[in-house]
Student: 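Pasting in a structure now, in structure tokens, and then I'll have a few things to ask.
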There are 2 protein chains.
Amino acid sequence: MKKESANPSQGQLEKLNEVRDGFIAQWGAFGSQWGINRTMAQIHALLMIGTNALSTDEVMETLGISRGNAHTNLKELVGWGLVRIIVRKGERKEFFEAEKDVWKIFTIILRERQRREIDPALELLRDCQEETKKLKGTEAEAFRNQVKELEQFVSFARNIGGKVGKLSYGPAMKLAAKVLG
Amino acid sequence: MKKESANPSQGQLEKLNEVRDGFIAQWGAFGSQWGINRTMAQIHALLMIGTNALSTDEVMETLGISRGNAHTNLKELVGWGLVRIIVRKGERKEFFEAEKDVWKIFTIILRERQRREIDPALELLRDCQEETKKLKGTEAEAFRNQVKELEQFVSFARNIGGKVGKLSYGPAMKLAAKVLG
DNA sequence: CTATATTTTCAGTATTTACTGAAATAGATG
DNA sequence: CATCTATTTCAGTAAATACTGAAAATATAG
């Protein structure tokens, strides 16, 4: 008979995989609500909760997805800076490893969303003001004014986000303490 | 010959409509990147930049969409609290009016996303910790630990968001000044 | 250079998500 | 209660998005 020990039993391994699979599936679902592709979120979850870097084939197999899909989304994650490519000497394959530090993950996502989504939105808001600068009438003024308010708020928020994103964990916590008073 | 005045000329009205249409279209595109349905974002933009409340028919007509689509998305916006229903006496139709105060818009979106997306994610993270509490082994520990870190961070951020969302404009700006200090 | 392993691309297809239009329901009016 | 107006629902369809699988490109080793 097997003795109880620090090593997991068969049942425990099964349980772990069950919970992990559930986590990955759910995380994928959350991702798609946030405008992130489901598979990308799943791969990110998979790499984040595992102990070692995985190859494309391992990702394909674990999630049951095609090579093309795995490849595209892995590279997309690398593009975000959330995943790094690891090359092991003697091995020809690439392996993929996720950033695990939650604060780093947060700042990366913050910066990337600023760059990809906030900045273009600000540009639109500024263009709209510029284009209607000389127009007269109630309607035109209402439009210009609302757009201006939006622009001021977004660029203000962006500013705060920018500062926060540059902080490292310690200083960020000190700042948070102030906010939480 | 028409004299120049505070009233907009024909050309100005055209220009205004052109810029407004561009704004609405672009805002819709941004919305879909953020996991918000395009039409809903467009209707929100339309109501936000206009001077008066619009009926379902006016929304349909302006955006060139079906009644069902207009109806569903208007009610969804009402569900978010970003749009109010106006009933004019003597009129049988409902009219829709958007919240225009940017700080209010921000706090509404903050609260709703917390409720709809962050809270369920936190629940998942907590469940995963609970379910794996007793499992032994390196893999299990890595999983539990990463999930714990995520949970701590998200619930911490949620906390800050919660406080900020409860502030009104003035105090929020004072707080922001500290952060930007 | 040839053989082999790995990555990348992408046309075709599947899945998901959003929209239409019309029918059903609800509300008001005389 | 018959009629008219407005709202709501939803089956069917359209559009957007994501995925597959295989072929092409690239890299490595002998």
Side-chain angles (χ1 to χ4, degrees), chain A residues 24-47 53-80 82-97 116-117, chain B residues 24-47 53-80 82-97 116-117:
Chain A
I24 290 168
Q26 280 302 307
W27 204 251
F30 286 130
S32 64
Q33 275 192 301
W34 273 91
I36 287 159
N37 144 330
R38 192 188 311 275
T39 305
M40 186 171 145
Q42 287 182 350
I43 296 179
H44 186 228
L46 172 64
L47 294 178
L54 300 181
S55 66
T56 305
D57 294 76
E58 289 167 318
V59 172
M60 286 166 61
E61 167 139 9
T62 315
L63 301 180
I65 61 177
S66 73
R67 180 172 308 281
N69 194 12
H71 174 79
T72 308
N73 285 293
L74 279 165
K75 286 300 160 89
E76 187 71 14
L77 283 164
V78 171
W80 275 73
L82 291 167
V83 164
R84 279 180 296 277
I85 297 173
I86 302 287
V87 217
R88 296 192 185 136
K89 74 172 177 181
E91 283 266 28
R92 207 148 138 189
K93 273 207 270 285
E94 290 181 333
F95 289 81
F96 298 89
E97 174 185 77
R116 297 172 192 228
E117 291 145 22
Chain B
I24 291 168
Q26 279 302 307
W27 205 252
F30 286 130
S32 64
Q33 278 193 301
W34 274 91
I36 288 159
N37 146 327
R38 192 187 312 273
T39 305
M40 184 172 147
Q42 287 182 350
I43 296 179
H44 186 229
L46 173 63
L47 294 177
L54 300 183
S55 67
T56 305
D57 293 77
E58 289 167 320
V59 171
M60 286 167 61
E61 166 138 12
T62 315
L63 300 181
I65 60 176
S66 74
R67 180 172 307 281
N69 194 12
H71 174 78
T72 308
N73 285 293
L74 279 165
K75 286 300 158 90
E76 186 71 14
L77 283 164
V78 171
W80 275 72
L82 291 167
V83 164
R84 279 178 297 276
I85 297 174
I86 303 286
V87 218
R88 296 193 185 137
K89 74 172 178 182
E91 281 266 31
R92 206 147 141 192
K93 273 207 271 283
E94 291 180 331
F95 289 81
F96 299 89
E97 174 184 79
R116 297 171 192 228
E117 291 146 21

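Throughout, protein chains are lettered first and strands after them, A, B, ... in sequence-line order, and every chain is numbered starting at 1.
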Student: For A:Lys93, which residues count as a side chain to side chain contact (heavy atoms under 4.5 Å, CB included) partner, sequence neighbours excluded?
Tutor: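 Expected list: A:Ser55, A:Asp57, A:Phe95.
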Student: Send over the distance from A:Asp57 CG to C:dT8 C1', rounded to a whole Å.
Tutor: 14 Å
Student: Return the value, rounded to whole Å, for the distance between atom NZ of A:Lys93 and atom C1' of D:dA29.
Tutor: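 After rounding, the gap between these two atoms is 16 Å.
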Student: I need the CD-P distance between B:Glu91 and D:dT7, as an integer number of Å.
Tutor: 10 Å
Student: Look at the side-chain N and O atoms of A:Lys75 and state whether any lies under 4.0 Å from the OP1 or OP2 oxygen of C:dT8.
Tutor: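 Yes, within the criterion.
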Student: Where do B:His71 and B:Thr56 come nearest, in terms of heavy atoms and distance?
Tutor: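 So the two residues come closest at N-CG2, 4.4 Å.
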Student: Can you tell me how far P of C:dC19 sits from CE of B:Met60, to the nearest Å?
Tutor: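 My rounded result for the distance is 14 Å.
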Student: Could you list, one pair per line, each protein nitrogen or oxygen that sits under 3.5 Å from a nitrogen or oxygen of nucleotides 9-17 of chain C, together with the distance?
Tutor:
none

Student: At their closest point, which heavy atom of A:Glu58 faces which heavy atom of A:Ala53, and how far apart are they?
Tutor: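 For A:Glu58 and A:Ala53, the tightest heavy-atom pair comes out as OE1-O, 4.2 Å.
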Student: Give the rounded distance in Å between these two atoms: CD1 of A:Ile36 and C1' of D:dT17.
Tutor: 15 Å
Student: So how far is it from A:Leu82 CG to A:Leu47 CG, rounded to the nearest 0.5 Å?
Tutor: 10.5 Å
Student: Could you pull out all residues at least two apart from A:Trp80 that satisfy ring-ring contact (aromatic ring centres under 6.0 Å, His included)?
Tutor: none
Student: Given atom CD1 of B:Ile85 and atom P of D:dT7, what is their separation to the nearest angstrom?
Tutor: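 Atom CD1 in B:Ile85 sits about 9 Å away from atom P in D:dT7.
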Student: The side chain of A:Ser66 lies closest to which of these nucleotides: C:dC19, C:dT7, D:dG21?
Tutor: D:dG21
Student: Specify the separation, in whole Å, of atom CD of B:Glu76 and atom P of C:dC19.
Tutor: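 From B:Glu76 CD to C:dC19 P: 12 Å.
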Student: With a 4.0 Å limit, can you tell me whether A:Asn73 has a side-chain N or O closer than that to the phosphate oxygens OP1/OP2 of D:dA18?
Tutor: no
Student: Passes side chain to side chain contact (heavy atoms under 4.5 Å, CB included), B:Met60 versus B:Leu74? Steps please.
Tutor: CA-CA 11 Å; B:Met60 286 167 61; B:Leu74 279 165; over 6 Å; no
Student: B:Phe95 has an atom CZ; how far is it from atom C1' of D:dA6, in whole Å?
Tutor: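 Value for this atom pair: 11 Å.
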Student: Start with the C-alpha gap between B:Phe96 and B:Ile86, add the side-chain angles, then the distance that decides, and say whether side chain to side chain contact (heavy atoms under 4.5 Å, CB included) holds.
Tutor: CA-CA 6 Å; B:Phe96 299 89; B:Ile86 303 286; over 6 Å; no
Student: Kindly say whether, by distance alone, the side chain of A:Arg92 makes a donor-acceptor pair under 3.5 Å with the base of D:dA27?
Tutor: yes
Student: Take A:Thr39 and B:Phe96, find for each the nucleotide of DNA chain D with the closest heavy atom, and name the residue whose nucleotide sits nearer the 5' end.
Tutor: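 The answer here is B:Phe96.
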